[in-house]
Amino acid sequence: MLDICLEDFDLLSDEEFEALERETARLTSAWQVQNMRGCAAVFWDDQRIGEKRHELNAIKHPSVNVEALYAGRMKAVVDSLEGNSLIHPLTTPVIVVDETNTKCRSVWWSIGVEGLSKFREKPLAIISLGMVPGCNIVEDGEWKMLWGAWQRTTKNEYHHSWVEDMQRTNTRPPLTKEQDRAFLGKYAYMKDEVRKPSPEPPHEDTWEQFPDETDNSFLYINL
């Protein structure tokens with residue numbers, strides 16, 4: 001806790017007080033981003049059944065293909081919601097807000113449990129470990145997700161280890177092992193490979209190194 005009292009603020013110059021205000025606003029933004037991404041994890045992109053969707057994605061940024069975004073939401077991933085569950089708490093946030101307080105880069109770890117039933121078969125109990133990298137921007141006064149989604153490190157059936165039983169990304173039609181490896185599988189644990197820190201959490205100077213919010217190079221600087 002800082003050893004500071006209200007009287008100390010009277011000693012600050014106008015420039016120092018404005019700098020303190022900016023830092024406070026950036027800290028508040030980091031908290032707002034955590035809440036926003038947390039909602040996306042809890043409601044899985046805020047798809048609250050029976051309620052109007054609260055849009056968490058940025059849809060006005062020139063880099064966003066809105067038609068593709070909406071089209072993807074219309075595709076059924078499973079035959080029925082019965083028996084399906086996705087619980088992916090976000091932990092260890094690393095968030096760097098830029099000086100303008102309008103964009104930030106972030107990486108979370110996510111330890112999850114899933115009940116997966118794709119075609120109305122008996123749900124499969126799954127334990128998964130992954131990371132959630134991304135960039136977030138302020139749109140219409142709210143923090144929104146510009147890009148970034150959960151990517152798996154391990155995903156295995158409950159009674160089998162991730163060394164021997166790595167589940168593939170859930171898509172329709174199902175991906176082959178080669179297709180999965182080229183997609184999100186490229187981040188997954190492989191027993192015959194040396195693990196590398198990917199994605200790389202953003203560094204404090206991330207916005208000086210990579211000023212474009214669509215640039216995801218910061219994730220792979222160790223590869």
Side-chain angles (χ1 to χ4, degrees), residues 25-26 28-78 86 88-90 93-110 112 130-153 169-173 175 179-180 182-188 198-221 223:
R26 292 172 69 208
T28 301
S29 289
W31 167 70
Q32 292 171 336
V33 168
Q34 288 191 67
N35 283 354
M36 180 269 293
R37 284 278 184 169
C39 283
V42 170
F43 295 107
W44 209 248
D45 198 26
D46 220 19
Q47 298 179 65
R48 308 184 191 199
I49 299 174
E51 298 181 20
K52 182 179 179 181
R53 175 192 291 271
H54 181 85
E55 185 61 68
L56 298 180
N57 289 91
I59 58 176
K60 297 181 180 180
H61 194 277
S63 69
V64 177
N65 186 335
V66 180
E67 290 187 3
L69 177 66
Y70 290 166
R73 291 174 179 174
M74 298 300 294
K75 295 179 180 179
V77 178
V78 297
L86 291 168
H88 278 275
L90 302 183
V94 180
I95 301 172
V96 180
V97 183
D98 82 321
E99 290 294 332
T100 68
N101 198 26
T102 59
K103 55 187 180 180
C104 76
R105 291 193 173 107
S106 54
V107 170
W108 285 265
W109 275 98
S110 176
M131 302 182 81
V132 183
C135 183
N136 316 281
I137 62 172
V138 175
E139 187 174 275
D140 295 332
E142 289 187 59
W143 281 100
K144 301 290 183 72
M145 296 180 290
L146 180 61
W147 60 265
W150 186 85
Q151 60 187 50
R152 81 177 188 273
T153 303
T169 304
N170 185 21
T171 63
R172 288 195 174 189
L175 299 177
Q179 290 172 327
D180 180 64
F183 186 42
L184 296 182
K186 63 177 173 289
Y187 307 111
S198 175
E200 173 79 11
H203 297 178
E204 285 298 320
D205 62 350
T206 183
W207 292 108
E208 287 73 31
Q209 290 191 59
F210 313 105
D212 185 352
E213 62 270 19
T214 63
D215 187 352
N216 66 353
S217 301
F218 77 97
L219 297 175
Y220 314 108
I221 59 177
L223 298 184

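- Between atom CZ of residue Phe183 and atom CG of residue Asp180 there is a gap of 8.5 Å, rounded to the nearest 0.5 Å.
- Ion pairing of Arg26 with Glu204 is absent here, as no side-chain N (NZ or NE/NH1/NH2) approaches a carboxylate O to less than 4.0 Å.
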What verdict does the side chain to side chain contact (heavy atoms under 4.5 Å, CB included) test give for Asn57 and Arg73, after you've listed the backbone C-alpha separation in whole Å, the side-chain angles of each residue and the deciding distance to 0.1 Å? CA-CA 12 Å; Asn57 289 91; Arg73 291 174 179 174; 3.1 Å; yes
Given the rule in the side chain to side chain contact (heavy atoms under 4.5 Å, CB included) test, do Lys186 and Gln151 qualify, once you have shown the distances and angles that lead to the verdict? CA-CA 9 Å; Lys186 63 177 173 289; Gln151 60 187 50; over 6 Å; no
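- Pairs of residues two or more places apart, or lying in two chains, that qualify as salt bridge (charged side-chain N to carboxylate O under 4.0 Å, His left out) and include a residue from residues 132-146 are Lys60-Asp140.
- Proximity of a side-chain donor or acceptor of Ser29 to a complementary backbone N or O of Ala25 within less than 3.5 Å is detected.
- To the nearest 0.5 Å, atom SG of residue Cys135 and atom CG of residue Leu146 are 5.0 Å apart.
- No side-chain donor-acceptor contact under 3.5 Å links Thr171 and Thr169.
- The closest side-chain heavy-atom distance from Leu90 to Met131 is not below 4.5 Å.
- Put simply, the side chain of His61 gets close to the backbone of Ser63: a donor and an acceptor are under 3.5 Å apart.
- Looking at every heavy atom in both residues, Val97 comes nearest to Ala30 through CG2-N, 4.3 Å.
- Between Pro202 and Val96, the shortest heavy-atom distance links the atoms O-CG2, 3.8 Å.
- The shortest non-hydrogen separation linking Thr214 to Trp147 is CA-NE1, 4.1 Å.
- A 4.5 Å side-chain heavy-atom check between Thr102 and Ile137 finds every atom pair outside the cut-off.
- The side-chain heavy atoms of Val107 and Phe218, taken from C-beta on, include a pair separated by under 4.5 Å.
- Surrounding CD of Glu208 are more than 12 heavy atoms belonging to other residues, nucleotides or ligands, all under 6.0 Å away.
- Using modelled atom types, no side-chain atom of Trp150 and backbone atom of His88 make a donor-acceptor pair closer than 3.5 Å.
- Residues forming a side chain to side chain contact (heavy atoms under 4.5 Å, CB included) with Val33 (at least two apart in sequence, or on another chain): Arg37, Ile95, Cys104, Trp108, Asn136, Trp143.
- Across all non-hydrogen atoms, the minimal contact from Pro89 to Ser110 is O-OG, 3.2 Å.
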Yes or no on side chain to side chain contact (heavy atoms under 4.5 Å, CB included) for Lys103 and Trp207, after CA distance, side-chain angles and deciding distance? CA-CA 9 Å; Lys103 55 187 180 180; Trp207 292 108; 3.6 Å; yes
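- Residues Trp109 and Thr153 have side chains in contact (heavy-atom distance under 4.5 Å, counting atoms from C-beta outward).
- The main-chain N or O of Cys39 is never found under 3.5 Å from a side-chain atom of Asn35 such that the two would form a donor-acceptor pair.
- Distance alone, capped at 3.5 Å, places no donor-acceptor pair between the Arg152 side chain and the Gly130 backbone.
- Counting heavy atoms from C-beta outward, Tyr70 and Ile59 have side chains that approach closer than 4.5 Å.
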